[in-house]
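Heads up: numbering here begins at 1 and tracks the sequence.
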Amino acid sequence: MQYCKRFLIVCCLLCFTVNVTAQSSLENADLTGLWKGTMYNDTTQRFLKYEIAISEKKGKLSGYSHTYFIVDDKEYHGVKKIKIKRQNDKVIVEDVELIANNYPIPPAKGVHQLDILTLEITDGLMVLSGPFSTNRTKIYHSLTGSINVQRKNNFWQSALIPHLEELGLASDLSFVQEEKTKVAEAIAKAKAVTEQPIVKAKPIIKETPVIAIEAKPIEKIATPSIVKKEEIKSLEKPAEVKPTPIVIAKPVVKEKPAIQTPVKTPERAIVKTTPPPLQKVEPTKVEIIEKPVETPIVKIVKTEPVKIINNANAATDIENRTIETIQSVNYKSDSLVLTLYDNGEVDGDTVSVLLNGEVIMPMVGLSTRAVRKTIYTKDLPDSIQIVMYAETLGSLPPNTGLLIVNDGNDRYEIRFSGDLKKNAAIVFKRKEN
């Protein structure tokens, strides 16, 4: 019995330790970043796209939220400033103000949304989920629903960040500042490596060793003090000079060049050939059958003139821009429907769409209204590259857009961004059967 009691006590202590450890890990978890998911409205029974950007400054949390939906091929969105509180594993999000929207009717005043979310971490995946509600006013009843969002590492594939960039608010987010600092440091390091002066090594000159040679003393030759008379006489006699014989050169006789006689080439015998006799070809008889010609009945149909768009002015600087692949998609259908929207504030962004280097949608103005194009993939290669070429940046750079691809029943939402130096590309690969 005592052993069983001890075993139960140990198990309880272990469970308590695990719970305390898990609780402390949740409390110390970093919440900054982009959270992306859905919001379910109990009244309309519809799911809406929902995003939260959480920033931290001097230990305080703040951020922005974004909701968007598409009705009748038009995209609607709303961007709100929010305040965030943290209580153990609970994250409480409350609206502060609506800073941007394109709703068809003015939004209700005095209505605020409150989210009470629970943080869960499973296999490195961070999830915030829980109920939301709005306050009741004299005109509007309270709305309820639920929220489920996951933390995303790639916050550039977002519906919220482009809006904040064009509104000049993205730099307020701590995680955006950290990312830009890392990129700037990486670029600075790369420049430092490339701009480092090259020091040329001086050639090594081997010095030849100096060999010391001992100098020997010069021996002095003693001149005789007495010279005999006979020796003086021999010195006074001049030396005999022998005459040099004169050699007479023989005249050079030039040889006459040999005269070459021309060699006669043998004449070829010309053989006359007679052409074969021509055969007479009898003309074939052609029977002409006269048939009455029926005059066709011409129906006059009124048609609208076809609008021809000149592609010559589209994507003219494509060779001087870098292409960045932002996403790869596997498709299965023989046709893909491309739909384009503006992903930020509608400010005059214009793009051209290229399929494997050919312009298929020139000079498309992005707005909240859908612009569609169907491409047929049956005769195309298994790998397709779609390039979004920024023609203009609008009044609020950069150029941002939303590309929705319908592949049969499958639907992909791809958000792209570009400027006058960089284009975004999406690669579509056919699924193997």
Side-chain angles (χ1 to χ4, degrees), residues 34 51 53 64 66 68 75 77 79 100 152-173 175-191 194 311-329 338-369 371 373 385-405 412-427:
L34 178 72
E51 293 183 5
Y64 301 91
H66 179 266
Y68 85 96
E75 182 262 350
H77 64 267
V79 180
K152 300 295 182 179
N153 293 325
N154 184 11
F155 57 83
W156 294 112
Q157 270 296 319
S158 161
L160 173 58
I161 301 301
H163 280 284
L164 297 177
E165 267 201 318
E166 293 180 348
L167 293 172
L169 300 174
S171 58
D172 295 341
L173 300 173
F175 60 91
V176 173
Q177 290 179 353
E178 291 175 1
E179 183 68 19
K180 289 184 176 180
T181 302
K182 289 179 182 178
V183 173
E185 289 177 354
I187 294 172
K189 287 181 180 178
K191 285 185 177 180
T194 55
N311 293 358
N313 296 327
T316 55
D317 199 34
I318 186 70
E319 295 181 356
N320 296 326
R321 298 189 188 182
T322 59
I323 297 177
E324 180 184 1
T325 301
I326 59 174
Q327 193 165 338
S328 180
V329 177
L338 309 181
T339 308
L340 286 173
Y341 294 94
D342 195 318
N343 190 41
E345 299 300 309
V346 178
D347 60 335
D349 289 343
T350 306
V351 299
S352 292
V353 183
L354 292 85
L355 170 64
N356 289 347
E358 298 293 332
V359 178
I360 59 171
M361 298 176 70
M363 305 288 187
V364 178
L366 300 180
S367 67
T368 56
R369 290 289 181 184
V371 181
K373 175 74 174 180
Q385 185 191 52
I386 301 290
V387 175
M388 316 304 295
Y389 180 95
E391 297 285 359
T392 61
L393 304 183
S395 58
L396 301 171
N399 185 309
T400 56
L402 168 63
L403 172 65
I404 298 177
V405 181
Y412 304 97
E413 292 188 5
I414 304 166
R415 303 182 186 276
F416 61 89
S417 176
D419 52 30
L420 301 181
K421 295 182 180 180
K422 181 181 65 176
N423 298 324
I426 305 99
V427 176

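Only one option out of I323, I326, N423, I426 pairs with M388 in a side chain to side chain contact (heavy atoms under 4.5 Å, CB included); it is I426.
Between L164 and L173 the shortest side-chain heavy-atom distance falls below 4.5 Å. Residues D342 and D347 form a side-chain contact, since some pair of their non-hydrogen atoms from C-beta on lies under 4.5 Å apart. Using a 4.5 Å cut-off on side-chain heavy atoms (C-beta onward), Y341 and R369 make no contact. When side chains are defined from C-beta on, L403 counts as touching L338, because their heavy atoms get closer than 4.5 Å. Using a 4.5 Å cut-off on side-chain heavy atoms (C-beta onward), T322 and K421 make no contact. Side-chain contact between V353 and K373: absent, with no pair of heavy atoms (C-beta onward) separated by less than 4.5 Å. Taking 4.5 Å as the limit, some side-chain heavy atom of M361 sits within range of a side-chain heavy atom of L340.
H77 meets the ring pair (Phe, Tyr, Trp, His ring centres under 6.0 Å) test with H163; sequence neighbours excluded. By the side-chain contact (heavy atoms from CB on, under 4.5 Å) test, S158 pairs with L34, E51, L160, I161, P162, sequence neighbours left out. For Q327, there are no side-chain hydrogen bond (donor to acceptor under 3.5 Å, both in side chains) partners two or more places apart in sequence or in a different chain.
Here the closest heavy-atom approach between residue S417 and residue A424 is recorded as O-CB, 3.8 Å. Shortest non-hydrogen contact noted between A315 and V359 is CB-CG2, 4.3 Å.
The aromatic ring centres of H66 and Y64 sit 6.0 Å or more apart.
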Stepwise side-chain contact (heavy atoms from CB on, under 4.5 Å) test for D419 and K422: CA-CA 5 Å; D419 52 30; K422 181 181 65 176; 3.6 Å; yes

Taking it one step at a time, do V346 and T368 satisfy side-chain contact (heavy atoms from CB on, under 4.5 Å)? CA-CA 7 Å; V346 178; T368 56; 3.8 Å; yes

Step-by-step side-chain contact (heavy atoms from CB on, under 4.5 Å) determination, I414 to V329: CA-CA 10 Å; I414 304 166; V329 177; 4.0 Å; yes

Please report the C-alpha distance between E166 and T400 in whole Å, then the side-chain angles of each, then the deciding distance to 0.1 Å, and finally whether the side-chain contact (heavy atoms from CB on, under 4.5 Å) criterion is met. CA-CA 9 Å; E166 293 180 348; T400 56; 3.0 Å; yes

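For CG of N154, the number of neighbouring non-hydrogen atoms (other residues, nucleotides, ligands) closer than 6.0 Å is greater than 12.
Between the E391 side chain and the V351 main chain, no donor and acceptor come within less than 3.5 Å of each other. For Y389 (side chain) and D317 (main-chain N/O), a donor-acceptor pair under 3.5 Å exists by modelled atom type. A distance-only check finds no donor-acceptor pair linking the side chain of S352 to the backbone of A314 [under 3.5 Å]. When atom types are taken as modelled, the side chain of R415 and the backbone of G401 share no donor-acceptor pair closer than 3.5 angstrom. Side-chain atoms of Q177 come within 3.5 Å of backbone atoms of S171 as a donor-acceptor pair (strictly under, hydrogens ignored). Judged by distance alone, with hydrogens and angles left aside, the side-chain atoms of N399 form a donor-acceptor pair with the main-chain N or O of T392 at under 3.5 Å.
Between atom CG of residue L396 and atom CG of residue L167 there is a gap of 7.0 Å, rounded to the nearest 0.5 Å. If you take CD on Q385 and CG on L355, they are separated by 9.0 Å, rounding to the nearest 0.5 Å. With values rounded to the nearest 0.5 angstrom, L420 atom CG is found 4.5 Å from L393 atom CG.
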